[in-house]
Number of protein chains: 4
Amino acid sequence: MQDVQNTPAGIPLAIDRVGVKDLRFPLLVQDRERGHQHTVSRVDMFVDLPAHFKGTHMSRFVEVLQDFSGILDYPNFKNLLREVRQRLQAHRAHLSFSFPYFLHQNAPVSASASLMDYQCTLHGELDDADQLRMFLQVQVPVMTVCPCSLAIADEGAHSQRAMVTMNCRFAGMLWLEDLIHIGQHAASCQVHSLLKREDEKFVTEKAFATPTFVEDVVRNAAHQLQSHELISWFRVEVESFESIHNHSAYACIEAPGSQTGAGQ
Amino acid sequence: MQDVQNTPAGIPLAIDRVGVKDLRFPLLVQDRERGHQHTVSRVDMFVDLPAHFKGTHMSRFVEVLQDFSGILDYPNFKNLLREVRQRLQAHRAHLSFSFPYFLHQNAPVSASASLMDYQCTLHGELDDADQLRMFLQVQVPVMTVCPCSLAIADEGAHSQRAMVTMNCRFAGMLWLEDLIHIGQHAASCQVHSLLKREDEKFVTEKAFATPTFVEDVVRNAAHQLQSHELISWFRVEVESFESIHNHSAYACIEAPGSQTGAGQ
Amino acid sequence: MQDVQNTPAGIPLAIDRVGVKDLRFPLLVQDRERGHQHTVSRVDMFVDLPAHFKGTHMSRFVEVLQDFSGILDYPNFKNLLREVRQRLQAHRAHLSFSFPYFLHQNAPVSASASLMDYQCTLHGELDDADQLRMFLQVQVPVMTVCPCSLAIADEGAHSQRAMVTMNCRFAGMLWLEDLIHIGQHAASCQVHSLLKREDEKFVTEKAFATPTFVEDVVRNAAHQLQSHELISWFRVEVESFESIHNHSAYACIEAPGSQTGAGQ
Amino acid sequence: MQDVQNTPAGIPLAIDRVGVKDLRFPLLVQDRERGHQHTVSRVDMFVDLPAHFKGTHMSRFVEVLQDFSGILDYPNFKNLLREVRQRLQAHRAHLSFSFPYFLHQNAPVSASASLMDYQCTLHGELDDADQLRMFLQVQVPVMTVCPCSLAIADEGAHSQRAMVTMNCRFAGMLWLEDLIHIGQHAASCQVHSLLKREDEKFVTEKAFATPTFVEDVVRNAAHQLQSHELISWFRVEVESFESIHNHSAYACIEAPGSQTGAGQ
């Protein structure tokens with residue numbers, strides 16, 4: 001049968017990224033406490049395409065994914081990228097897995113156990129010198145109590161859920177748990193799945209003792225990301241779903257990290 | 001050219017609703033204060049299809065919509081439904097417009113003016129006896145302060161944004177403003193686009209003086225909807241995006257209203 | 001500490017459903033071929049609330065969920081509902097798990113193996129007579145080739161992805177695989193994750209030999225659902241993301257099934 | 001009342017962008033054919049914040065927006081940015097409006113008139129030297145017919161809806177219509193709201209006479225964007241919602257344009 005993809009391109013322009021997007025695939029992800037955990041991911045897989053080829057071979061991306069065991073660790077991730085680059089005869093390969101990750105928590109007073117989920121994305125780019133650039137994004141829901149409202153009101157202060165989104169370039173083994181921990185401690189209080197009455201009292205009081213603007217949260221997170229030895233670049237965004245408005249407050253810091261080997 | 005739609009159905013089953021979904025169309029909506037306002041809607045248009053017809057004629061729905069002036073009032077809405085029913089040779093026609101609607105607000109202390117948006121859906125069904133059943137759905141974002149957290153914490157209480165979704169069957173002219181007003185006053189406080197410092201103080205104190213569970217909000221709204229003379233049935237849902245959790249609290253009441261002419 | 005929820009309601013209206021919404025929880029789901037599979041779900045848990053109670057106890061829902069093994073089978077599902085009803089001292093309990101489910105497929109010619117995902121929701125309602133009503137919803141992406149376009153064009157016909165959404169009330173053990181199979185065979189062709197060139201040829205030709213309107217797809221699925229012995233009621237919706245338009249074609253049939261024990 | 005925002009920052013880090021997100025606001029947008037048109041936008045407004053200030057004043061963003069006439073043209077857009085920068089005492093201001101834009105179309109054979117909508121975003125950044133960088137993003141839904149499927153199948157070829165997303169840095173007056181036109185002509189065929197039978201025949205045959213991979217579409221659009229005299233940089237992405245799969249094919253080209261005055 002004809003291989004239309006291998007015919008010359010009508011317009012000979014190089015394509016930066018071409019491939020498949022939004023596949024779903026089950027994963028086994030490394031878990032610092034419990035060894036590993038099962039989850040389900042969205043997958044994107046791209047390569048570059050030189051100017052003279054009409055098309056890439058989309059089915060080969062899916063073949064590479066289907067041959068993957070689903071065990072997401074560093075060697076497998078790099079091998080997947082190599083496999084993609086080689087099977088597609090490309091210079092560069094890109095791969096992203098986006099998945100919910102669960103942590104076992106204990107409530108602060110009752111110690112009641114529950115599971116909290118965090119949306120994570122691991123993204124990698126492998127070039128033809130076999131250099132791997134890795135990015136980890138973690139989204140951590142938190143609570144913010146407004147310092148201004150607290151200062152001016154005779155009673156109370158508005159609070160709300162906010163989302164801390166950290167995206168880091170890193171080298172070595174950066175645990176999801178590290179980023180989740182940074183997010184949880186950047187705001188007025190972390191959020192929990194299960195809180196009994198004594199926990200709700202504790203959480204409320206803790207949050208009101210630690211009022212934070214989005215500006216405070218983004219700086220707290222940036223400060224911790226900056227000093228993490230495996231991170232060479234980061235962007236942290238905070239979106240606070242204001243309870244007194246129908247819009248969000250937002251803040252963003254993008255900066256180099258302290259890890260220097262990988263450059264940016 | 002062949003009219004495939006008019007050939008017999010392979011499996012002669014009557015179809016309840018068939019048509020087009022998710023068109024976008026600009027509207028001019030009636031505004032109680034200012035006469036009318038411009039907005040943009042999502043449109044669904046359906047008819048029933050008897051068992052013996054293979055297909056409906058999808059392009060006719062779009063023709064009816066394109067001939068529409070965009071002025072959304074009762075006569076035009078009913079005429080559109082009649083037009084759909086007739087052009088598609090159907091027994092029943094269904095039509096929905098979903099759009100953001102803006103209200104001019106003044107902040108509670110500074111009286112600063114701003115616009116707040118509410119997502120609204122007008123849905124109508126016209127049968128072959130020319131009986132029109134109309135439904136209006138309005139989504140009103142509000143603020144809830146947790147009564148439990150307020151009672152047990154030494155300081156503060158968690159608050160959050162919540163959404164009140166009211167869906168009403170009605171007769172006559174039911175103003176969007178009526179439903180928005182009910183939603184705004186069902187919770188700890190309404191939300192605003194623009195609040196200066198003195199307004200934020202007022203809003204915080206008002207909300208903390210009126211703590212509400214989702215159960216309180218749903219009952220407050222239901223109580224008002226029950227006594228509205230144009231409403232013959234309603235469902236009110238409240239979803240509170242808890243600031244201490246990564247999940248929502250939810251409550252729902254569905255009940256007949258006090259309007260009796262239209263039945264249910 | 002004060003139990004605010006147990007104080008009298010300000011407005012004594014019964015609440016139909018109150019509880020928690022949009023929790024995420026890992027599941028182990030029964031798999032007809034392989035015993036079971038790991039996935040991740042969204043969870044909703046509700047009860048009714050009598051008119052005289054101010055509030056329900058939201059943390060108890062989460063406690064019930066956290067005590068759940070995550071093994072989703074009939075006895076566990078019913079036990080969870082009983083647990084919710086009892087712990088919340090309610091008359092009725094509602095429980096929904098929504099999750100992606102994966103099937104191993106072979107491509108039609110090359111037999112290349114791959115995973116396809118289908119979004120599924122299991123919903124149950126348990127009343128105070130311990131009667132359990134169960135609903136299963138499955139979403140099956142398919143391909144439709146337009147019969148009209150095929151009949152009138154000198155060459156080709158527009159095709160597109162469509163979604164078949166089947167929601168069934170059932171008794172006994174209804175396999176996800178049964179509903180997925182019905183959806184896959186209701187349209188011009190099922191969709192696949194991995195197709196090599198010979199498979200793409202086969203799929204294209206098969207789809208063009210079986211052109212279907214949304215009306216055909218909804219009737220094909222309804223016909224199969226009607227004759228399934230475990231189904232007592234169903235609603236099937238088909239939404240086709242038309243490739244020649246920026247809107248969808250849509251059809252819906254809602255009807256009783258052939259299973260009679262459960263009533264509706 | 002206390003101005004908490006003006007107190008020193010706990011962690012003296014400069015913030016890149018801080019402000020309000022996801023406000024809704026009605027607009028009057030310039031329309032090349034008809035002068036102007038009404039639409040509704042999502043609005044984001046940000047500034048930078050020096051390291052030593054604890055917080056920005058969120059309400060001032062909303063005040064600036066509420067004072068805006070809603071008439072979106074170049075002078076007003078730049079004035080808004082200046083107003084934001086000045087009111088917030090910032091070095092840089094960022095402003096985005098995202099809105100559906102409607103074009104009147106005639107069907108290719110019957111000439112039947114209808115409205116098609118395109119999602120557009122205008123983004124601007126103003127620095128303290130009063131230099132304005134402007135970006136326009138337009139999303140154009142199109143139809144793709146697969147060249148491979150067409151070449152190898154005895155009959156037919158799979159087609160699907162695809163989305164062309166063009167994001168351009170530009171100088172001067174870049175019409176939305178220019179970008180929409182580029183997107184419409186980059187694929188197998190543009191999509192329409194209203195097609196009668198003779199139009200559907202024409203569209204099908206035209207699309208099958210012009211089969212395109214995502215690689216073809218992205219190159220066609222890039223080629224046109226490169227030669228547009230007002231564009232100094234662009235990124236074009238194409239996502240094709242494959243009708244034979246449950247995932248997308250994707251391609252992206254990012255490149256400098258031919259406009260040189262603005263640099264990048």
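All chains are named by letter (A, B, ...) in the order of the sequence lines, taking the proteins before the strands, and each is independently numbered beginning at 1. Only heavy atoms go into these numbers, but all of them, side chains included; no hydrogens, no water, no symmetry mates. All of these numbers come straight from a predicted model, not from anything done at the bench.
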Do [X] and [Y] have side-chain N/O donor and acceptor atoms under 3.5 Å apart?
X: D:Q137; Y: D:T121; result: no
X: C:E200; Y: D:H158; result: yes
X: D:S248; Y: D:E242; result: no
X: C:E239; Y: C:T165; result: no
X: D:Q139; Y: D:Y118; result: no
X: C:Q119; Y: C:Y101; result: no

[Y] and [X], any side-chain heavy atoms less than 4.5 Å apart:
X: D:M134; Y: D:Y74; result: yes
X: D:F234; Y: D:Q226; result: yes
X: D:F135; Y: D:W233; result: yes
X: D:D178; Y: D:L176; result: no

Proximal to chain C - members of residues 30-44 of chain D, heavy-atom separation under 4.5 Å
none
If the contact rule is any heavy atom under 4.5 Å from chain C, which residues of residues 204-211 of chain D qualify, in numerical order?
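When heavy atoms of chain C are the reference, residues 204-211 of chain D contributes D:T204, D:E205, D:F208 within the under-4.5 Å range.
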Could you check D:L72, D:D73, D:L80 and say which one makes a side-chain contact (heavy atoms from CB on, under 4.5 Å) with D:N76?
D:D73
For chain D, which candidate among C:C189, C:A151, C:S149 shows the most heavy-atom pairs at distances under 4.5 Å?
C:S149
So which of C:A162, C:P141, C:S188, C:A157 has the biggest tally of heavy-atom pairs under 4.5 Å with chain D?
C:A157
Top of D:Q190, D:M116, D:E198, D:R197 for chain C proximity - count of heavy-atom pairs under 4.5 angstrom:
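Ranked by contacts with chain C, first place is D:R197.
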Please determine, among D:C148, D:A153, D:S159, D:G156, the option with the most heavy-atom pairs under 4.5 Å with chain C.
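Option with the top pair count is D:S159.
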